[in-house]
Every structure is written in structure tokens, then in C-alpha cells.
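Residue numbers begin at 1 in each chain, while the letters A, B, ... track the order of the sequences.
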Amino acid sequence: MLDKRYDPKKVEEGKYENWKKEGYFTAGDLSKLPFSMVIPPPNVTGKLHLGHAWNTTVQDITARYKKLKGFDVMWLAGMDHAGIATQAKVEEKLRKEGVSRYDLGREGFLKKAWEWKAEYADNIHKQWAKMGLMLDYSRERFTLDEQLNKAVLHVFKTLYDKGLIYRGERIINYDPELKTALSNIEVEYSDDPGKFFYFKYPIVGTNDHLVVATTRPETMFGDTAVFVNPKDERYKHLIGKTVINPANEEEIPIMGDEYVDIEFGTGAMKCTPAHDPNDFALAKKYGMKFIKCMDLEAKMNENCGKYKGLDRYECRDALVKQIEKDGRLIKIEDIVHQVGHSERSHCVVEPMLMKQWFVKMRPLAEQALNKSEVNFVPERFNHTFRQWMENADDWCISRQLWWGHRIPAYYNKQTGDIIVSETPVTDPNYVQDEDVLDTWFSSALWPFATLGWPEETPDFKRYFPNSLLVTAYDIIFFWVSRMIFDSLEFTGESPFKDCLIHGLIRDSQGRKMSKSLGNGIDPIDVIDKYGVDALRYFLTTGSAPGQDIRYIEEKVQASSNYLNKIWNSARYVLDIVGENFKESDIKFDELKPLEKDILVKMNKTIKSVENYMDKYEYSMASTYLYNFVYDDFCSNYLEMSKVALNGDDENYKNIVKSILVNILKNIIIMIYPFAPFIGEELYLALPTHLKSIMLESYPVAKKYDEKGLEEVADFYKMITDVRNYKVNNKLAPNYKLNLVVVYKDKKPFDGIDTYLRRFTFADKIEITKDSNSKGMKFVYSALTLYIDDSISEEDLKLKKEKDKAFLEAEIARCKGMLNNPNFVNKAPKEKIELEKQKLAQFEEKLKNL
RNA sequence: GGAUGUUUAGCUCAGCUGGGAGAGCAUCUGUUUGACGUACAGAAGGUCAUAGGUUCGAGCCCUAUAGCAUCCACCA
């Protein structure tokens, strides 16, 4: 006997360990068709948040559903070393202990990092278990595994040999806090308050000056020119002259280029080729010098005179003061402008000219655009992917870190020649590049490198391409697109067939969850309060594909209530059928209308649910199931079945019980992918069951003849109308009324009076072909109901007028359509037929009023 | 500047290829009905952002406008 209340804690206990122990999570049944996914590997930096919970639940629902549908489901577990993020965390920890990474050296630091990894991997495993994820741990991978490292080196070497990886000096985004280069997409822009400084630049050989405005005076030490637009009437005569740079008194030329926006600032722009990507492009165009003015800590260097050694912002203040003293400051404007911050350290990135490794994007992007067969769900995210691909710049892949895949490039100490090699170069004349690769360089290989690629392993052959990848839309650029182009380049195939994109989770006010706002929700807290099944149900239902969701605690609670509803319906059904119940065969044709009706509804539900599950539309699937569970099963049939169960037809009692158990079982299996713990608990309580619900099959929808079931619909409406009548007339719910049910040709089903008595508390019920009742009349499609009560003439008249008005309006609507030649000519036949039927019904009802 | 999403009940959101507006929560009324008060029975609540258009028919398609959100690019 189940407990009276659904207690998530009790239900969840022990199940996960058991599934794992039984090997249900391990793929490899070759007799089945494969269905494969790889988990987006979480960073080993900390706790998993609600976004992870959502993402993994979507995958788990898919995995469990596909397993029920008979697939060999392979859902690969794994984690990402997360280069910058992890190194930053480890360094922070070390700093608290009073050591720097340089004190430890590369080896010593890496040892600490691996210790960190072990600790956090353990956390992540615990959270996965808590979420109930059926991950295949036998195939678990880490991005720094030996095998993945081999794949990374192979990819690097191959791309290098093809000329798709190169080492070059370009402007990159530099994070002065973490002291590493970043790729463009690792920079986040935000509107920050700043100042716009207007300075006088004396024009050499005249008493005149040019006004130049800048937000970054400290970079003036790297200036090599001032640019104006040659079409600018104010300045075009100055092109070719020189001005004095007020920062260092050096003479620099005034040059003309149409790049300059005449409207912006003063229309005269200073050019700093080594600290600005646009200026860099200009400098290349005109063959100018590149002067760096900062070192790797973003402090001013030897090109900055007395400012050398100052922090970039200290320098800015001091320099502005100096220029003001020199009488060359005109004004300072407060402005708000976009400033780039490092995604990890959040410090302001410094564009710097540096020698780094890059992936040449154009050829890879073209291939991805032309050959990708990935089916994005929802489809619109294909545009997001394509748009980014079309505009992708070369990808800076070297990072000045220690935690990661070390770049397999070796430099000749004397000549500087480069060797790129998949195996270590032991020649003492060569030294290996100190840098490691961007984390995303290895995650880009995740769908195939985890399966053993570049070896043609059995897993690779069987599970690649993956069937599905699930991720949030903010990761399309970072990961999805890179997997696609690497996969096409190296395997010749798209990495996965479908790519299901979901949104981001926000707080109840729609704000992003963030540490600084302190509005983050720990999934573990939610689980402790409501259970993981309720959390899972909340996360994956009630939202449209690709949309963001807000975390609203009441909704989790509502989910929990729903599960409790299922729990209690199961408790009831299992209680009445008893433990040793033997199901009898259910022959549809021999059933009574109420039983037929619920089976028809159940099978329609199975069909709809399955249809939406197949499309990954879990929200829609859950809606259909929910309505069936609440309305059709619990509110209607479960109540109705009590009549048969109290009757004396022992044979039919058994059939009703069988139907109840059958429906319950199907509900349990359908809710189980969403709520696996309660699913398993209830499943194992069924009179007959396999060892685990994980071994079950999905219900198969049957199609039944629905003829003659209108009377059941009429019957349910009668109950509602009687209840409604009592409320309207301020009668107690158990007030005893007299009812008359009038039929046309065919008597309503046996026992309809018993059912009506039970659910309307009616006293006398007459079933007749004719009646002269003066009671309130309700006309349905097959039946008519009179409520015989002391009803005032006035009320009867009002009711009749209301019904009449309604029917007349409906008839007018139908006629309007059917008399419209355009409608009759153009609308689909079925629709016209439907309207004709409706019209006939309404006219019939009107006649009967 | 470019792109995408969004605007539906008090709140949070669904609404499949166009064919009579839905849920949860909140509100109101009633209920010790023999699974469930984490419940049951009912009620109230909507110019589907605005303006045009297409169509026999528009919440859904098209155009424009406005608000909100996000992403990309630029910003001396």
C-alpha cells in the first residue's frame, strides 16, 4: 500500500544507484537501432545551476523516451576542463593560500589543477545522480583525457598542414588580469560610463591647431597619425601636414581616409595601430609603424616616458592633467560607450598587437554553410548559426595559460623554425610553445573525439553522427557552430542530425540569474523542497520551444501537486485491485459506453503525446497528458468506475479493474520520462511489472470505433449542468432533485440512472422516450434532461430565452457561412459538412426547446 | 546600423498546417463525496499591443507603427 502522501525524498531514495548498478544506463544492445547524444560537458569549475538542470533534463527525457521506444540509447557523460575558467578559480584559491602559479611552476600548478578537477568532478557526479540522468558512465570522457588530447593534436597538425591554422601578429583581445589572449566571442560588451577628451593638436608650421577627441588618452603614446575624411571640407586642406601629439610632443602626419566618420566627435581621429583593430587595419593599408605602449599587465611601457610602469588608468589621469596644464585640454564630455570585458575575469580587455595562433575561418565557414545538414529545432536557430558563420573572423586559439592542451608547435632555438608534431619533439634544439589551446578547440571535437575518433572504433561507427544535441541558444556560436565545421572538415559529416535549442532560465522578474545580483537558485535547494521530479516537470513544460523561462517557485509547487495527483490515483487504483490482481482481456466491442469512452480518450492521448514527444515538444506532450489525467481519468472515469465496482457483476468488475490498471500503467509510463523517480515507484507497485520501468515499452495507440459515444458526452454534460443548476439556485451540492432523461430512438446505456444518482444526488430519476415534464430543460445531442424542481416560471422563461438566443445566434452564424457562395466554393468539404451538421443540430435543439 | 524573439485573463505563460480563446497561480462561492484539502464542485475574469491588408473566415499569414527583451556589428 502506498503512503497517503507523495513524499519525493522517500520515492527518490536508492533508485538511481539501482538503475546504475543494473547497467540500464549502458548502451550497446546491437539488436536495436542506436540513438546517441553527448552531454554538453559542464565546466569543472563549480556547482551546476538551474540552466544545467534544464538542459540535462531535456536530454534525459529524450533518452528515457527513446529507450521506451526501443532504441539503444547512448548518452555519453563527460566534462570540460574549461581552460580559462578553471585556471582562474585555481589561481584564486592559490592566492588565498598566499602562492602564485609562478611559485609552483607549470608542473606544480597542473597538479593543483588536477586536484581541483577531481573535487569538482565529484560534485558534478553527485548532482547528475540527484537529477536522475541516465548517462552512460562507461563511456565518460574528460576533455583533457589522453584520447581526446590525441584527437586535438591530430586536428591541430592537420589544419596547420593545410594552412588553416597559422601563427600571426594581429590585434587580439587581451585580458590583463588573467594575462591571456581571448577570442572575439569571449569578450562581452556593456554600456559603461566614460569620458570623451577633446585635445588641441598644434599644426606644425602654423599657429592653428586641430581638435582630436578620444576616450583613451593613454594610448596616445602609440599614435602614429591623425586621420580625417578627405571629403571633410573643414580638414581636407590639412592632409599632408603634421601635428604635435600632445602626449609626447612627437610630430605625426595628418592623413586622409574615408573610414573616418565626419559626423563623429570632431571628425579628426587619432590612430593607434597597435591597440585598436580598426587603426591596425588603417596602418596596414598605409604601411605605418606599430607602436605598443603597454606591457602584458596593461601597464605603460618604455614608449611612454615618465608614465612607464603606471597602470593604464593611472596613466590616463596623469596624462590628462599634464595636457590640461599645457593648455591643450578643451573639454571633457561624459559619455556612455560600449566597453569590452573579459567573459571570465570581467576586467576591461585591452586590444593588443601580439603574435598568436589562429584558425583561418573562411574555408571552414564556407564548408559549414554549404554542407551542414544539422536540423535546428526550432528552425529559426539555423539563421543564428548561418549568420554567425557568414561573419566569423579568424579564431584566436592560443591562450597564455597552463591548464589545457599544450600547443604542439616547437621552435628551433637558433633559427626560429616551427615544427608542428603530434608526437613530442625531443630534439634539444627545439622548445615547445608555452601556450595552450582555447577550451573550445577541444570541445569542438566532442561529438566524435569522445567516441574514439580518429580511430574507426566500433562506438564511432555506431554512434556517430549523434542523433541529437541539446543546448541553449547562447552557446550556438561558442560550440555548436565549431562542432559543425570541425566535424564536416574531419569526418565529412554533420556532427548530429538534430540540434534542439532551448532558452535561458531567469529569475521571477525576468532578470538573468547572476552572482552579482544574488538571484541565483540552487537546484539542490529546490529538489530538497519539492523533489527532483517536480523540478524536472517544471523545467520542461509550460514553455514554448526556444523561449526563456522564469523560475517561479509556485510553478514547481504546482508540478508537485500534479505528481501527487497521479500518486493518489495510483494509490486508489492499486488499493481496489489488490496485490494479486490478474488482469482480464479487454475486448473493446464488449465494453459498456463509459469504458469505451475512456479507452478512446486514452488512445487519443497516447497518440498526441507520442506525436509531440517525437518532435521534442515536451511542453505540448505534457499538456495533453495533463488534461487526460485530470479531467478524463481522475475527475470523470475514476469516479464513474466506482459505480461498476459497487455493482454485483463480478465479471465486469474485473474488466473495470483491468481497465483502471491498464490506464494507470500507461499514464505512469508516459509521465515517467519527465518524472522518472515517481514513475519507477508507481510502476513497481503495479500488480504485474518488469524489474524496472526502464525495461518497459511505450504504449501503442489503438484506434477504436467511436460510434454511439455521444451519449457519454451528453451524460458528462448533464452532471455539470445539474451541479451548475444547484450553484445558481443556491442549493446544497447534495440537494436531492428529480431528473427526467428523455431519449429519441435508443435507450441510453444501462445504469445511467445509477450513475446520475451518485454524481448529482438525484432522488427520483426517470428514463423515458416522452415526457411532459415542466422542469428546466437541457437539450444535448442524443439526450434531453429535465430538472424537476420547484422552479419559478420566471426562471424557466429566462433559461429558455437564454438558450433560444444562443441557438439563434449559432444558427445565424452557420447560415451566414453556408449561404455565402464563396465559403461553399472555397472552404474544404469537411468544414462545410461540419457546419451543415452543426446547423441541423442547432435547429433540432431549437425545435425541442 | 543589422538580426531574432516577444506583446493573449490580475500574474506567469500555452495556443499544432488559418475554421468558435486555454492552463497554472491568484480571486470569489460552496464541500469532512468512501484516492488525493498538495483535494473536490462551480464562478468570475480577455478589443489576443495598435493601424491597415490578404482571405469565405485571422490570435495565427502580409505590411507598417509602438513597447519590451536578446544577439551581432560599429563607436576615434
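- Note that OG1 of T384(A) is 8.0 Å distant from CD1 of I501(A), once rounded to the nearest 0.5 Å.
- Nucleotides A35(B) and C16(B), compared at atom P, are 38 Å apart to the nearest Å.
- Where pairing requires Watson-Crick or G-U contacts shorter than 3.5 Å, the helical stems of RNA chain B with at least three consecutive pairs are B:1-7 with B:66-72, B:10-13 with B:22-25, B:27-31 with B:39-43, B:49-53 with B:61-65.
- Put simply, CG on L660(A) and CG on L645(A) are 6.5 Å apart, with the number rounded to the nearest 0.5 Å.
- Using a 4.0 Å heavy-atom criterion, one finds that Y735(A) contacts no nucleic acid atom at all.
- Here the CZ atom belonging to F478(A) is positioned 9.0 Å from the CH2 atom belonging to W388(A), to the nearest 0.5 angstrom.
- Note on residues 549-571 of chain A: pairs passing salt bridge (Lys or Arg N to Asp or Glu O under 4.0 Å), not counting sequence neighbours, are K529(A)-E553(A).
- Counting any heavy atom pair closer than 4.0 Å across all strands shown, Q387(A) reaches sugar-phosphate atoms only and no base atom.
- G24(B) and U65(B) are spaced 39 Å apart, taking the P atom of each and rounding to whole Å.
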Write out a two-atom table: protein N or O, nucleotide N or O from nucleotides 33-36 of chain B, distance below 3.5 Å.
{"unit_1": "G34(B)", "atom_1": "N1", "unit_2": "R758(A)", "atom_2": "NH1", "d": "2.9"}
{"unit_1": "G34(B)", "atom_1": "N1", "unit_2": "R758(A)", "atom_2": "NH2", "d": "2.7"}
{"unit_1": "G34(B)", "atom_1": "N2", "unit_2": "N646(A)", "atom_2": "ND2", "d": "2.8"}
{"unit_1": "G34(B)", "atom_1": "N2", "unit_2": "R758(A)", "atom_2": "NH1", "d": "2.9"}
{"unit_1": "G34(B)", "atom_1": "N2", "unit_2": "R758(A)", "atom_2": "NH2", "d": "2.9"}
{"unit_1": "A35(B)", "atom_1": "OP1", "unit_2": "K642(A)", "atom_2": "NZ", "d": "2.7"}
{"unit_1": "A35(B)", "atom_1": "O3'", "unit_2": "R571(A)", "atom_2": "NH2", "d": "3.1"}
{"unit_1": "A35(B)", "atom_1": "O2'", "unit_2": "N568(A)", "atom_2": "OD1", "d": "2.8"}
{"unit_1": "A35(B)", "atom_1": "O2'", "unit_2": "R571(A)", "atom_2": "NE", "d": "3.3"}
{"unit_1": "A35(B)", "atom_1": "O2'", "unit_2": "R571(A)", "atom_2": "NH2", "d": "2.6"}
{"unit_1": "A35(B)", "atom_1": "N6", "unit_2": "C634(A)", "atom_2": "O", "d": "3.2"}
{"unit_1": "A35(B)", "atom_1": "N6", "unit_2": "E639(A)", "atom_2": "OE2", "d": "3.2"}
{"unit_1": "A35(B)", "atom_1": "N3", "unit_2": "N568(A)", "atom_2": "O", "d": "3.1"}
{"unit_1": "A35(B)", "atom_1": "N3", "unit_2": "S569(A)", "atom_2": "N", "d": "3.2"}
{"unit_1": "C36(B)", "atom_1": "O4'", "unit_2": "N568(A)", "atom_2": "OD1", "d": "3.0"}
{"unit_1": "C36(B)", "atom_1": "O2'", "unit_2": "N564(A)", "atom_2": "ND2", "d": "3.3"}
{"unit_1": "C36(B)", "atom_1": "O2", "unit_2": "K565(A)", "atom_2": "NZ", "d": "3.2"}
{"unit_1": "C36(B)", "atom_1": "N3", "unit_2": "K565(A)", "atom_2": "NZ", "d": "2.9"}

Could you list the protein-to-nucleotides 13-15 of chain B atom pairs, N/O on both sides, closer than 3.5 Å?
{"unit_1": "C13(B)", "atom_1": "OP1", "unit_2": "R550(A)", "atom_2": "NE", "d": "2.7"}
{"unit_1": "C13(B)", "atom_1": "O2'", "unit_2": "G542(A)", "atom_2": "O", "d": "2.8"}
{"unit_1": "A14(B)", "atom_1": "OP1", "unit_2": "A544(A)", "atom_2": "N", "d": "3.1"}

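- For T720(A), counting side-chain heavy atoms from C-beta on, the closest listed nucleotide (C72(B), G42(B), A76(B)) is G42(B).
- For Y626(A), whose side chain is taken as the heavy atoms from C-beta onward, the closest listed nucleotide among G24(B), C16(B), C40(B) is G24(B).
- Within the 4.0 angstrom heavy-atom criterion, no nucleotide atom of any strand lies near V226(A).
- Cation-pi geometry between K730(A) and Y735(A) is not met at under 6.0 angstrom from the ring centre and within 45 degrees of the axis.
- Which of C25(B), U70(B), C16(B) sits closest to the side chain of E554(A) comes down to C25(B).
- Remark: N561(A) is in phosphate contact with A39(B), judged by side-chain N or O atoms under 4.0 Å from OP1 or OP2.
- Remark: the separation of the C1' atoms in U31(B) and G37(B) is 10 Å, to the nearest Å.
- Applying the 4.0 Å criterion to OP1 and OP2 of A76(B), one finds that R216(A) has every side-chain N and O outside that range.
- Taking atom P in both C68(B) and U63(B), the straight-line distance is 23 Å, to the nearest Å.
- Classified by interplanar angle (parallel below 30°, tilted 30° to 60°, perpendicular above 60°), the ring pair F633(A)/F628(A) is parallel.
- OP1 or OP2 of A43(B) sits under 4.0 Å from a side-chain N or O of N724(A).
- For the C1' atoms, the distance from A9(B) to G15(B) is 14 Å, rounded to whole Å.
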Evaluate the side chain to side chain contact (heavy atoms under 4.5 Å, CB included) criterion for residues F199(A) and L319(A): first the C-alpha distance (whole Å), next the side-chain angles of each, then the deciding distance (0.1 Å), finally the verdict. CA-CA 11 Å; F199(A) 297 137; L319(A) 178 60; over 6 Å; no
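- The same atom, P, is picked in G45(B) and in A3(B); the two are 43 Å apart, to the nearest Å.
- Heavy atoms of P828(A) sit under 4.0 angstrom from at least one base atom.
- Ionic pairing of R234(A) and D232(A) is present here: one or more N-O contacts between side-chain nitrogen and carboxylate oxygen are shorter than 4.0 angstrom.
- For the C1' atoms, the distance from C11(B) to A51(B) is 29 Å, rounded to whole Å.
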Please tabulate, one pair per line, all N/O donor-acceptor pairs under 3.5 Å involving side-chain atoms of residues 214-230 of chain A, not counting sequence neighbours.
{"unit_1": "T214(A)", "atom_1": "OG1", "unit_2": "R216(A)", "atom_2": "N", "d": "2.9"}
{"unit_1": "R216(A)", "atom_1": "NE", "unit_2": "E218(A)", "atom_2": "OE2", "d": "3.4"}
{"unit_1": "R216(A)", "atom_1": "NH1", "unit_2": "E350(A)", "atom_2": "OE2", "d": "3.2"}
{"unit_1": "R216(A)", "atom_1": "NH2", "unit_2": "E218(A)", "atom_2": "OE2", "d": "3.3"}
{"unit_1": "R216(A)", "atom_1": "NH2", "unit_2": "E350(A)", "atom_2": "OE1", "d": "2.8"}
{"unit_1": "R216(A)", "atom_1": "NH2", "unit_2": "E350(A)", "atom_2": "OE2", "d": "2.7"}
{"unit_1": "E218(A)", "atom_1": "OE1", "unit_2": "R316(A)", "atom_2": "NE", "d": "2.8"}
{"unit_1": "E218(A)", "atom_1": "OE2", "unit_2": "R316(A)", "atom_2": "NH2", "d": "2.9"}
{"unit_1": "T219(A)", "atom_1": "OG1", "unit_2": "R216(A)", "atom_2": "O", "d": "2.8"}
{"unit_1": "T219(A)", "atom_1": "OG1", "unit_2": "K270(A)", "atom_2": "NZ", "d": "2.7"}
{"unit_1": "D223(A)", "atom_1": "OD1", "unit_2": "K270(A)", "atom_2": "NZ", "d": "2.9"}
{"unit_1": "D223(A)", "atom_1": "OD1", "unit_2": "T272(A)", "atom_2": "OG1", "d": "2.6"}
{"unit_1": "D223(A)", "atom_1": "OD2", "unit_2": "K270(A)", "atom_2": "NZ", "d": "3.3"}
{"unit_1": "N229(A)", "atom_1": "OD1", "unit_2": "K231(A)", "atom_2": "N", "d": "2.8"}
{"unit_1": "N229(A)", "atom_1": "ND2", "unit_2": "V260(A)", "atom_2": "O", "d": "2.8"}

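- The side chain to side chain contact (heavy atoms under 4.5 Å, CB included) test applied to T266(A) returns Y198(A), V211(A), A213(A), Y235(A), A268(A), not counting sequence neighbours.
- Note: Y6(A) and W567(A) have tilted aromatic rings, judged against thresholds of 30 and 60 degrees for the angle between ring planes.
- Under the 6.0 Å distance and 45° angle rule, K815(A) does not count as a cation-pi partner of F842(A).
- With both ends at atom C1', the span from G46(B) to A14(B) equals 15 Å, rounded to whole Å.
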